[in-house]
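Single-structure report; data block below.
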Protein chains: 2
Amino acid sequence: MKLVKKKIFQDFIAARGLKSTRQRDVILEAFLDSDRHLSIEELYLHLRGGNPTIGYVTVYRTLKLFAESGIAREFQFGDGQTRYEHVVKGEHHDHLVCVRCGAISEFSNDAIEAIQDEIATSHGFHIQYHKMELYGVCAACAAEAVEAL
Amino acid sequence: MKLVKKKIFQDFIAARGLKSTRQRDVILEAFLDSDRHLSIEELYLHLRGGNPTIGYVTVYRTLKLFAESGIAREFQFGDGQTRYEHVVKGEHHDHLVCVRCGAISEFSNDAIEAIQDEIATSHGFHIQYHKMELYGVCAACAAEAVEAL
DNA sequence: CCTCATTCTGAAAATGAATTTCACTATACG
DNA sequence: CGTATAGTGAAATTCATTTTCAGAATGAGG
Ligand SMILES: [Mn+2]
Ligand SMILES: [Mn+2]
Ligand SMILES: [Zn+2]
Ligand SMILES: [Zn+2]
């Protein structure tokens, strides 16, 4: 899967007449090695740990490229930072976001997706993408809250 | 309904020891008279038309108060501006957002809401609120696109 | 009606994430 | 190699939001 995504990005780079650079390689590697929903800054700070260092702006631009190429999705979970996760086209899932600890978990449900299509159709609306996020308290935080009593 | 919302806000103001001001009255009136999903700036510019003028910051703070009081919901539809709509607690709907003209329409679907609850339960997750937005091309814009051929 | 503690207002300043600029560097194709 | 083209990153800019602060308004108690 990691190799598939690398290939997709390489092809995208080639098709657009862009260049392959050390920075893009490093960022791609780190991005694919993560299973989190990373903000630009998080990835940037992570990369600063290694050597040589890569600029914030390059991380920013590269994540945008990932999204354009189809190997990443961009999100706004309401914490003021844009986040990215790597995905492959065709696959889809939505999110549960803990308002206490920020943990993000994933789910997908075909029934909901089907109903969404029906709703769109009945409105003469052509869906391009959707956003579905459930905000609340995760199991771990709920347990913690109980302990604290 | 408008009166109900006014009452809710007045009670909120009283319960919190806040004061009733001309500005809050004017902003509330204009907000309740709209059926749109207004950004701070839109409402501010609308109010500037009338006299006397009200500051941007006051509109900003007052919309926040509306949200806290329960008569408004806050949104981010991805255009970079925070938007507000007036609602009553208990009522709920989600949105279709046109990526071409920005039009926002509404829908609600009990089946989806029920499935969301099941998903949360199966994750031990306690939902506080959710976000569901379908982005795409509205019927009007689709028709326009066909004409243009 | 006054008093005055408290809240409100709004211009200006600050914040902070995203985005652009630009001088310099790296890539890649012949 | 040579060189046209794209990339990099520090710094500057943008832009909505949020905070600050000094003067104004509100309203509970007298
Ligand atoms: Mn995800
Ligand atoms: Mn709505
Ligand atoms: Zn949590
Ligand atoms: Zn439209």
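Note that the structure is a prediction, hence the values are computed from the model and not measured. Computation of the quantities below employed the complete heavy-atom set of this structure, encompassing side-chain atoms and omitting hydrogens, waters and symmetry-equivalent molecules.
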Using a heavy-atom cut-off of 4.0 Å across all strands, would you classify A/Thr53 as base, sugar-phosphate, or nothing?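 Sugar-phosphate: the residue A/Thr53, judged by heavy atoms under 4.0 Å, touches backbone atoms but no base.
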At 4.0 Å (heavy atoms only), tell me whether A/Ser39 reaches a base, stays on the sugar-phosphate, or touches nothing.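 No contact.
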Given atom [atom1] of [X] and atom [atom2] of [N], what is their separation to the nearest angstrom?
X	N	atom1	atom2	answer
B/Leu45	D/dA16	CG	P	11 Å
B/Leu65	D/dT18	CG	C1'	14 Å
A/Asp25	C/dA26	CG	C1'	13 Å
B/Arg48	C/dG10	CZ	P	12 Å
B/Ile13	D/dA28	CD1	C1'	17 Å
B/Glu41	D/dA16	CD	P	6 Å
B/Glu74	D/dT17	CD	P	9 Å
B/Arg61	D/dT18	CZ	P	12 Å

Of A/Leu18 and B/Leu18, whose closest DNA chain D nucleotide lies nearer the 5' terminus? A/Leu18
Please tell me if [X] has a side-chain N or O lying less than 4.0 Å from either OP1 or OP2 of [N].
X	N	value
A/Thr82	C/dA17	no
A/Arg24	D/dT8	yes
B/Lys64	D/dT17	no

Choosing from [options], which nucleotide comes nearest the side chain of [X]?
X	options	value
A/Tyr60	D/dT8, C/dA18, D/dT17	C/dA18
B/Lys19	D/dT26, D/dT8, C/dG10	D/dT26
B/Gln81	D/dA11, D/dA16, C/dT9	D/dA16
B/Tyr56	D/dT17, D/dT19, D/dT8	D/dT17
A/Thr58	D/dT26, C/dT9, D/dG9	D/dG9
B/Gln23	C/dA18, D/dG27, C/dG10	C/dG10

Quickly, which of A/Tyr44, A/Phe9, A/Phe66 forms a ring pair (Phe, Tyr, Trp, His ring centres under 6.0 Å) with A/Phe31? Name it, please.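 Running ring pair (Phe, Tyr, Trp, His ring centres under 6.0 Å) over A/Tyr44, A/Phe9, A/Phe66 with A/Phe31 returns exactly one hit, A/Phe66.
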Run the side chain to side chain donor-acceptor pair (under 3.5 Å) test on A/Gln116 and A/His130 for me, step by step, so that the C-alpha distance in whole Å, both residues' side-chain angles and the decisive distance to 0.1 Å come before the verdict. CA-CA 9 Å; A/Gln116 286 175 340; A/His130 72 253; 3.2 Å; yes
Trace of the ring-ring contact (aromatic ring centres under 6.0 Å, His included) decision for B/His95 with B/Phe77: CA-CA 9 Å; B/His95 298 95; B/Phe77 289 122; 5.3 Å; yes
Could you give the angle between the helix axes at the two ends of the helix from C/dC1-D/dG30 to C/dG30-D/dC1, with five pairs per end, rounded to 10 degrees?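 The angle separating the two end axes equals 30°.
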Look at B/Arg36 together with B/Glu85 and state whether they make a salt bridge at an N to O cut-off of under 4.0 Å.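 So B/Arg36 does not pair with B/Glu85 through a salt bridge.
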Tell me whether B/Met132 is reachable from B/Ile127 by hopping between hydrophobic residues (I, L, V, M, F, W, Y) whose side-chain heavy atoms are closer than 4.5 Å. yes
State yes or no: do B/Ile27 and B/Phe75 share one hydrophobic cluster built from I, L, V, M, F, W and Y residues joined by side-chain heavy-atom distances below 4.5 Å, directly or via other members?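 Per the 4.5 Å side-chain linkage, B/Ile27 and B/Phe75 are not co-clustered.
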On the 0 to 90° scale, with breaks at 30° and 60°, tag the B/Tyr135-A/Tyr129 ring pair as parallel, tilted or perpendicular.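 Parallel.
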Looking at side-chain heavy atoms only, is the closest gap between A/Arg24 and A/Glu29 below 4.5 Å? no
